[in-house]
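Please read the structure below before turning to the comments.
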Amino acid sequence: MKENIDLSNLPAHIAVIMDGNGRWAKKQGALRIFGHHHGIKSVRDTVEGCVELGIRYLTMYTFSTENWNRPKLEVDGIMQLLVKTIGDEVPDLHKNNVRLKTIGNIESLPKSARKKLQDSIELTKNNTGLTLTLALSYSGKWEIVQACQQIAQQVKSGSLAVENITENLFSTFLATQEAPDVDLMIRTGGDHRISNYLLWQIAYAELYFMDNLYWPEFRKEHLFGAIYEYQQRERRFGKTSEQVTSVLKEV
Ligand code: FPP
């Protein structure tokens, strides 16, 4: 599959909704946390695949604002797994020139997780390869409201004029900041929804839903398959097919 990918037409930004860990675990007769543990191998494989291809941005939905409502045992288990995974994986990420970032309400995470994340972000901040962003205690609506609050503050203090609020300016107030909008959004686990993820950034993303695959089963071959499918689609951004193909010919 990798050989079929056109390296001159890669998605600059891939977002992933890692869904189906709980159902995968249930199928094995195990506790839900078992599924999250197995999901780590899939995370590693996905990151490796992105590094191999030279993808610029990968943003993974690791823990949503709404996930805080899960049973305490599961929430604690995911937080412990997060701390352990960061500890285990960051040396390798650093070696591979990956820059780690987070988006979301990081203040709400346990102190141990915050500390591990801050140290890892600091360690990898000058890396120039893949930017791996973990969405943690994140929701798209929360992010948009945060941006509005900051913009309103600036207008109130007189440092920003209302007529200077443009789409481009608005984007700079979002947590993803300098990252380009999402080109390809992948969701495993069979549900066809966005679940409050990157609502602004997916305006023109190609959506790729995997009906028969839970996250712990996801491997880089699936990533390559999704990228291949993305490359077969015609991205029109609201234009006609003729307009898009004539622009391509001119280039
Ligand atoms: C969704 O499956 C998955 C999560 C809410 C957690 C994802 C977390 C990990 C894979 C571990 C931590 C990752 C990193 C990057 C350190 P679900 O539990 O909603 O599954 P279900 O839909 O089958 O119930």
Side-chain angles (χ1 to χ4, degrees), residues 14-51 57-94 96 98-106 108-110 112-121 123-124 130-140 185-198 209-220 222-223:
I14 300 178
V16 183
I17 301 180
M18 312 182 268
D19 197 22
N21 292 350
R23 281 166 287 162
W24 182 85
K26 197 171 172 197
K27 221 171 66 177
Q28 329 287 317
L31 293 175
R32 295 176 57 82
I33 193 69
F34 185 69
H36 299 315
H37 276 267
H38 275 260
I40 298 299
K41 166 85 180 108
S42 311
V43 173
R44 196 180 303 126
D45 231 51
T46 307
V47 172
E48 267 178 34
C50 286
V51 169
Y57 292 89
L58 172 67
T59 304
M60 312 200 79
Y61 210 0
T62 308
F63 195 81
S64 72
T65 310
E66 292 78 17
N67 286 154
W68 289 114
N69 299 322
R70 292 193 172 192
K72 186 173 177 333
L73 189 68
E74 183 173 347
V75 171
D76 290 350
I78 293 178
M79 290 302 147
Q80 280 163 17
L81 183 60
L82 176 68
V83 174
K84 179 174 168 6
T85 305
I86 301 293
D88 291 348
E89 303 294 335
V90 163
D92 241 25
L93 292 178
H94 190 40
N96 281 290
V98 174
R99 179 170 63 142
L100 185 72
K101 288 193 138 198
T102 58
I103 52 173
N105 186 8
I106 303 306
S108 63
L109 298 178
S112 55
R114 266 193 341 249
K115 171 91 177 81
K116 266 265 183 301
L117 286 163
Q118 278 156 359
D119 292 349
S120 309
I121 290 167
L123 175 73
T124 62
L130 174 73
T131 297
L132 169 64
T133 302
L134 303 181
L136 285 162
S137 192
Y138 171 88
S139 86
M185 158 88 88
I186 301 172
R187 180 177 188 140
T188 57
D191 288 322
H192 293 198
R193 56 176 167 255
I194 302 301
S195 299
N196 211 354
Y197 191 38
L198 299 171
F209 296 110
M210 305 191 72
D211 287 336
N212 299 310
L213 198 97
Y214 294 135
W215 178 249
E217 299 162 328
F218 191 90
R219 291 293 173 270
K220 64 174 90 161
H222 301 110
L223 171 77

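As the structure lists them, so they are numbered: ligands from 1, and atoms in each ligand from 1. These numbers come from the heavy atoms of this one structure, side chains and all, not from hydrogens, waters or symmetry mates.
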Per-atom contacts, ligand 1 versus [X] - under 4.0 Å to a heavy atom:
X: L134; answer: 15 (C)
X: R23; answer: 21 (P), 22 (O), 23 (O)
X: L81; answer: 11 (C)
X: T85; answer: 16 (C)
X: I40; answer: 11 (C), 12 (C), 13 (C)
X: L82; answer: 16 (C)
X: M18; answer: 1 (C), 2 (O), 3 (C)
X: R70; answer: 5 (C), 17 (P), 18 (O), 19 (O)

Among protein heavy atoms, which lies nearest [atom], and at what distance?
atom: atom 14 (C) of ligand 1; value: T62 CG2, 3.8 Å
atom: atom 5 (C) of ligand 1; value: N67 OD1, 3.5 Å
atom: atom 10 (C) of ligand 1; value: N21 ND2, 3.6 Å
atom: atom 4 (C) of ligand 1; value: H36 CE1, 3.8 Å

| field | Point-to-point distance, once rounded to the nearest 0.5 Å, from CG of L198 to CD1 of I103 | value |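 Reported to 0.5 Å precision, the distance equals 5.0 Å.
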| query | Who's closest to atom 17 (P) of ligand 1 heavy-atom-wise, of V75, I86, D19? | reply |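 Among V75, I86, D19, the closest heavy atom to atom 17 (P) of ligand 1 comes from D19.
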| request: Measure from atom 24 (O) of ligand 1 to every heavy atom in E89, R32, K26 and give the option owning the shortest one. | output: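 Shortest heavy-atom distance from atom 24 (O) of ligand 1: R32.
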| task | Test side-chain contact (heavy atoms from CB on, under 4.5 Å) on R187 and S195 and set out the steps. | result | CA-CA 10 Å; R187 180 177 188 140; S195 299; 2.8 Å; yes
| said: Set out, in order, the CA-CA distance, both residues' side-chain angles and the distance that settles side-chain hydrogen bond (donor to acceptor under 3.5 Å, both in side chains) for E74 and H36, then state yes or no. | reply: CA-CA 9 Å; E74 183 173 347; H36 299 315; 2.9 Å; yes
| query | If you count the non-hydrogen atoms of other residues, nucleotides and ligands that lie under 6.0 Å from NZ in K220, is the total more than 12? | reply |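 More than 12 within 6.0 Å, yes.
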| query | Where the side chain of T65 meets the backbone of Y138, is there a donor-acceptor pair that is under 3.5 Å apart? | reply |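 Confirmed, T65 side chain pairs with Y138 backbone.
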| message | Using only atom types and a distance under 3.5 Å, with no angle test, would you say the side chain of S112 pairs donor to acceptor with the backbone of P110? | response |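 No, S112 side chain to P110 backbone: no donor-acceptor pair under 3.5 Å.
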| query | Between the side chains of R99 and T131, does any donor sit under 3.5 Å from an acceptor? | reply |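 A pair is found: one side chain offers a donor N or O, the other an acceptor, under 3.5 Å apart.
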| Distance-only polar pair, side chains of N67 and S64, donor-acceptor under 3.5 Å |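 Note: N67 and S64 side chains meet the donor-acceptor criterion.
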Atom pairs and distances, donor-acceptor, side-chain atoms in residues 209-216, under 3.5 Å, two or more places apart:
unit_1	atom_1	unit_2	atom_2	d
D211	OD1	H192	NE2	2.7
W215	NE1	G39	O	3.1

| said: Within the structure, is a non-hydrogen atom of G20 found at a distance of less than 4.0 Å from ligand 1? | reply: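 Yes, G20 has heavy atoms under 4.0 Å from ligand 1.
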| query | Quick one: does L73's side chain get under 4.5 Å of L31's, heavy atoms only? | reply |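 A side-chain contact is absent here, since even the closest heavy-atom pair is not under 4.5 Å.
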| Within the structure, does G39 bring an N/O atom to less than 3.5 angstrom of an N/O atom in ligand 1? |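 Min N/O separation from ligand 1 is not below 3.5 Å for G39.
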